[in-house]
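Here's the structure we're looking at; comments come further down.
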Amino acid sequence: MEPISELLAVRRQKLEGLRALGVDPFGGRFDVDGPVGEVRAAFVEGKPVRAAGRITAHRDMGKSQFLDISDFSGRMQIFLHAKEVGEDAFKVLKQLDIGDWIGVEGEYFVTKTGEPSIRVKTLTALSKALRPLPDKWHGVQDPEIKYRQRYLDLIANAESREVFRKRIEIVRRIRAFLGERGFLEVETPMMQGIAGGAAAEPFKTHHNALDMDLYLRIAPELYLKRLLVAGFTKVFELNRNFRNEGISRRHNPEFTMLEAYWAFANFETMAELVEEMICHLALEVCGGLVIEHRDAEGNVTRTIDLTRPWKRAKYADLIRGVIPDWYELDSAARRARCAGLGLDISHCEADFEVTQHVFEKLVEEKTINPLFVTHCPKELVPLARQNVQDDSVVDVYELVINGQEISPGYSELNDPDVQRARLEQQSGGETQKLDEDFLTALEYGMPPAGGIGIGIDRLVMMLTGAESIRDVILFPHMRAPGNG
RNA sequence: GGGUUGGUAGCUCAAUGGUAGAGCAGUACCCUUUUAAGGUAUUGGUUCUGGGUUCGAGUCCCAGCCAACCCA
């Protein structure tokens with residue numbers, strides 16, 4: 001038990017003060033007309049109103065008391081006058097602090113300064129805050145507190161509330177958008193015997209009753225494709241994936257992914273779908289197709305123009321755009337060229353990895369406006385269909401916006417024999433890693449289909465201007481807190 | 001994993017190696033329409049942890065913890 005500071009001791013004294021007045025400091029049901037923001041928006045002069053919220057400001061004028069009550073939806077001023085609420089209410093008020101939850105019943109009115117307010121008739125204590133809130137003006141600045149104690153960030157920082165409000169809205173509208181187009185939302189296993197559908201290190205767990213190792217999924221893909229076999233023609237899942245890899249500004253061990261599959265479509269159909277969907281989201285959630293990212297001072301640091309049609313370009317052409325003779329160079333010459341350009345490719349073993357590194361550093365990171373990268377090397381995407389004219393590339397797009405890969409889209413591979421060969425190649429001969437049931441399902445016949453994945457966290461970053469994935473995930477993963 | 005920066009009151013931040021401060025919050029009082037309310041007074045510190053140098057360390061050195069950013 002940490003030592004009780006004076007501030008905490010005072011609050012506990014008030015807690016007992018409330019009990020001494022016969023008031024339960026942690027009350028129960030209190031019927032309200034709606035969240036605070038909606039109550040404020042529904043203002044009608046003189047109309048009776050009930051609301052509840054956390055006290056976030058207190059302006060004590062003696063016999064006149066102004067308080068702000070707030071919740072995630074907004075803020076509203078309430079007004080108490082000694083003669084109107086009576087002595088007992090003022091005794092209770094004396095034991096309340098900024099941070100406490102209260103309920104009020106009264107009527108709407110406008111103050112002399114024009115602020116829509118509630119003239120309180122009865123005041124109800126609903127929950128005592130035993131710890132003081134962060135600074136009312138500066139909010140929470142310490143990033144460690146923002147992430148570890150997100151509730152304080154959300155109480156104190158309007159910008160954070162806005163980011164998460166947008167995230168909630170984006171997810172809601174994605175579901176509606178796909179639902180309106182006939183896509184069925186499903187839930188497939190997050191615990192899988194074989195973590196398939198991507199190349200990533202999984203988290204391992206164990207089922208005791210079955211005495212069986214399981215992995216948290218790194219992708220839902222192989223199960224959604226089983227559903228194509230089953231006869232679903234438009235299907236999607238929007239939920240968490242888990243990858244046991246590093247944590248960074250762009251990576252959280254668990255992240256949210258949309259995957260959607262559309263039978264009889266191909267990667268171009270999917271590109272149109274994702275283009276339409278992201279524009280729809282920008283218009284509805286951000287109010288336009290031009291997204292401005294700003295720094296802490298409000299200066300525009302980046303402008304993303306989502307105006308359609310979005311640019312499309314072949315992978316190889318983009319490489320030639322930055323290094324014109326790249327494909328005329330042999331392996332050694334390419335590595336030498338990278339060194340000359342200051343690119344560290346020492347960790348790249350295969351030639352396609354060297355090229356991919358060039359792509360990431362010189363193309364992807366510099367691409368701010370939407371760009372569909374097509375005709376990608378087949379080594380990068382083992383689950384996609386090979387191109388008919390050129391079997392060294394696959395029929396996919398990789399959508400880059402804001403310097404990040406936001407969404408891949410594939411013409412899905414549905415030949416079970418080719419799929420087996422590609423998976424065996426990817427797993428480096430470790431046949432026990434193959435998802436045999438998935439391959440069996442393909443042998444029953446999967447319709448040709450287009451598929452997309454969209455990293456929801458990165459999409460939200462792009463649409464809100466968040467610089468870190470931690471700013472768009474409510475509770476990002478952190479190391480266990482240390483005290484030295 | 002490597003580098004850089006940071007960790008001081010509940011919060012936001014100061015402090016040439018020389019008594020650890022301010023604003024907000026808190027406490028007491030004044031004020032019948034305030035909104036970062038105002039006014040007067042005032043409380044509050046294991047300076048992340050552990051060592052070391054020094055007459056003296058928030059400050060310098062070493063190690064560790066946590067975080068942010070960059071690199072891998």
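We name chains A, B, ... by the order of the sequence lines, and we start the count at 1 in each one.
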Checklist entry - Do the charged groups of A:Asp295 and A:Arg302 touch, with an N to O distance under 4.0 Å? => result no

Checklist entry - How is A:Lys146 classified with respect to the nucleic acid when contacts are heavy atoms under 4.0 Å: base, sugar-phosphate, or nothing? => result nothing

Item to check | Rounded distance in Å between the C1' positions of B:C61 and B:G26 | outcome: 39 Å

Next on the checklist: Are more than 12 heavy atoms, taken from residues, nucleotides or ligands other than A:Arg294, located less than 6.0 Å from that residue's CZ atom?
Outcome noted: yes

Checklist entry - Should A:Arg249 be listed as having a side-chain N or O under 4.0 Å from OP1 or OP2 of B:C70? => result yes

Checklist entry - Can you tell me how far P of B:C29 sits from CE of A:Met61, to the nearest Å? => result 18 Å

Checklist entry - In whole angstroms, how far is the P atom of B:C71 from the CG atom of A:Asp344? => result 11 Å

Next on the checklist: Check this for me: does any side-chain nitrogen of one of A:Asp351 and A:Arg334 sit under 4.0 Å from a carboxylate oxygen of the other?
Outcome noted: no

Item to check | Gap in Å between the two P atoms, one belonging to B:C69 and one to B:A28, rounded | outcome: 42 Å

Next on the checklist: Please compare A:Leu343 and A:Pro132 by the position of their nearest nucleotide in RNA chain B and report the one closer to 5'.
Outcome noted: A:Pro132

Next on the checklist: Just so I know, are the side chains of A:Asp457 and A:Arg250 near enough to count as touching, which here means a heavy-atom distance under 4.5 Å?
Outcome noted: no

Checklist entry - Think A:Arg59 has a side-chain N or O under 4.0 angstrom from the OP1 or OP2 of B:A37? => result yes

Item to check | Under 3.5 Å donor-acceptor pair, A:Lys83 side-chain atoms to B:U32 base atoms | outcome: yes

Checklist entry - Can you check the A:Asp135 CG to B:G26 C1' distance for me, whole Å? => result 13 Å

Item to check | Lys/Arg-Asp/Glu bridge criterion (N-O < 4.0 Å) met for A:Lys166, A:Glu169 | outcome: no

Item to check | Atom-to-atom span, CD1 of A:Ile247 to C1' of B:A72 - whole angstrom | outcome: 16 Å

Next on the checklist: What's the closest nucleotide to the side chain of A:Tyr147 if the choices are B:A68, B:U32, B:A28?
Outcome noted: B:A68

Next on the checklist: Can you see if the side chain of A:Lys63 gets near the phosphate of B:C30 - specifically, an N or O under 4.0 Å from OP1 or OP2?
Outcome noted: no

Item to check | Sugar-phosphate or base contact per nucleotide [nucleotides 38-45 of chain B; S, B, -; heavy atom under 4.0 Å] | outcome: -----BS-

Checklist entry - Separation of A:Tyr151 atom OH from B:C11 atom C1', in whole Å? => result 14 Å

Checklist entry - Should B:G21 form a Watson-Crick or G-U wobble pair with both distances under 3.5 Å, which nucleotide is its partner? => result B:C13

Checklist outcome for this item: Applying the 3.5 Å cut-off to both distances, the Watson-Crick or G-U partner of B:A28 turns out to be B:U40

Item to check | Nearest-Å distance once atom C1' is located in both B:A22 and B:A9 | outcome: 11 Å

Checklist entry - Under 4.0 angstrom, heavy atoms only, what part of the nucleic acid is A:Arg470 near: base, sugar-phosphate, or nothing? => result sugar-phosphate

Checklist entry - Going through the checks in order, is the salt bridge (Lys or Arg N to Asp or Glu O under 4.0 Å) test met by A:Lys128 and A:Asp100? => result CA-CA 5 Å; A:Lys128 184 76 192 158; A:Asp100 294 356; 2.7 Å; yes

Next on the checklist: Let's see if you can work this out: which of B:A37, B:U34, B:U32 has an atom nearest to the side-chain heavy atoms of A:Ala57?
Outcome noted: B:A37

Checklist entry - According to the Watson-Crick and G-U wobble definitions, with both distances under 3.5 Å, which nucleotide is paired to B:A67? => result B:U5

Item to check | A:Ile98 side-chain proximity, nearest of B:A25, B:A28, B:C66 | outcome: B:A25

Next on the checklist: Taking the six-membered ring of A:Tyr397 as reference, does the cationic atom of A:Arg312 (NZ for Lys, CZ for Arg) lie under 6.0 Å from its centre and within 45° of its axis?
Outcome noted: no

Next on the checklist: With side-chain hydrogen bond (donor to acceptor under 3.5 Å, both in side chains) as the criterion, how do A:Ser70 and A:Arg161 come out once you've worked through the C-alpha distance, each side chain's angles and the decisive distance to 0.1 Å?
Outcome noted: CA-CA 12 Å; A:Ser70 306; A:Arg161 286 198 295 275; over 6 Å; no

Next on the checklist: At 4.0 Å (heavy atoms only), tell me whether A:Gln141 reaches a base, stays on the sugar-phosphate, or touches nothing.
Outcome noted: sugar-phosphate

Checklist entry - For the residue pair A:Phe203 and A:Phe242, does the interplanar ring angle fall in the parallel (under 30°), tilted (30 to 60°) or perpendicular (over 60°) class? => result perpendicular

Checklist outcome for this item: Whole-Å distance, A:Asp97 CG to B:C11 P, equals 16 Å

Item to check | Inter-nucleotide C1' distance (B:C24, B:C65), Å rounded | outcome: 30 Å

Checklist entry - Distance between the P atoms of B:A14 and B:G7, in whole angstroms? => result 8 Å

Checklist entry - Taking the side chain of A:Ser468 as its heavy atoms from C-beta onward, which of B:A67, B:C69, B:U33 lies nearest to it? => result B:C69

Item to check | Atom pair distance, as rounded to whole Å: CG in A:Asp142 and C1' in B:C13 | outcome: 12 Å

Checklist entry - From the list B:U34, B:U12, B:G26, which nucleotide is the closest neighbour of the side chain of A:Val10? => result B:G26

Next on the checklist: Would you measure the distance from the C1' atom in B:U42 across to the matching atom in B:G58 and give it in whole Å?
Outcome noted: 26 Å

Checklist entry - Roughly how far apart, to the nearest Å, are B:U12 and B:U8 at atom C1'? => result 12 Å

Checklist entry - Any side-chain N or O of A:Arg479 less than 4.0 Å from the OP1 or OP2 oxygen of B:C65? => result no

Next on the checklist: Looking at the base of B:U34, is there any donor atom on it, or on the side chain of A:Gln77, that sits under 3.5 Å from an acceptor on the other one?
Outcome noted: yes

Next on the checklist: Quick check for you: among B:A67, B:A25, B:U33, whose closest atom lies nearest to any side-chain atom of A:Arg119?
Outcome noted: B:U33

Item to check | Same-atom distance (C1') from B:A36 to B:A25, integer angstrom | outcome: 12 Å

Checklist entry - So do A:Val110 and A:Glu45 actually touch side chain to side chain, heavy atoms under 4.5 Å? => result yes

Checklist outcome for this item: Per nearest nucleotide of RNA chain B, the residue lying toward the 5' end, A:Met478 or A:Pro134, is A:Pro134

Checklist entry - Separation of A:Trp137 atom CH2 from B:U12 atom C1', in whole Å? => result 13 Å

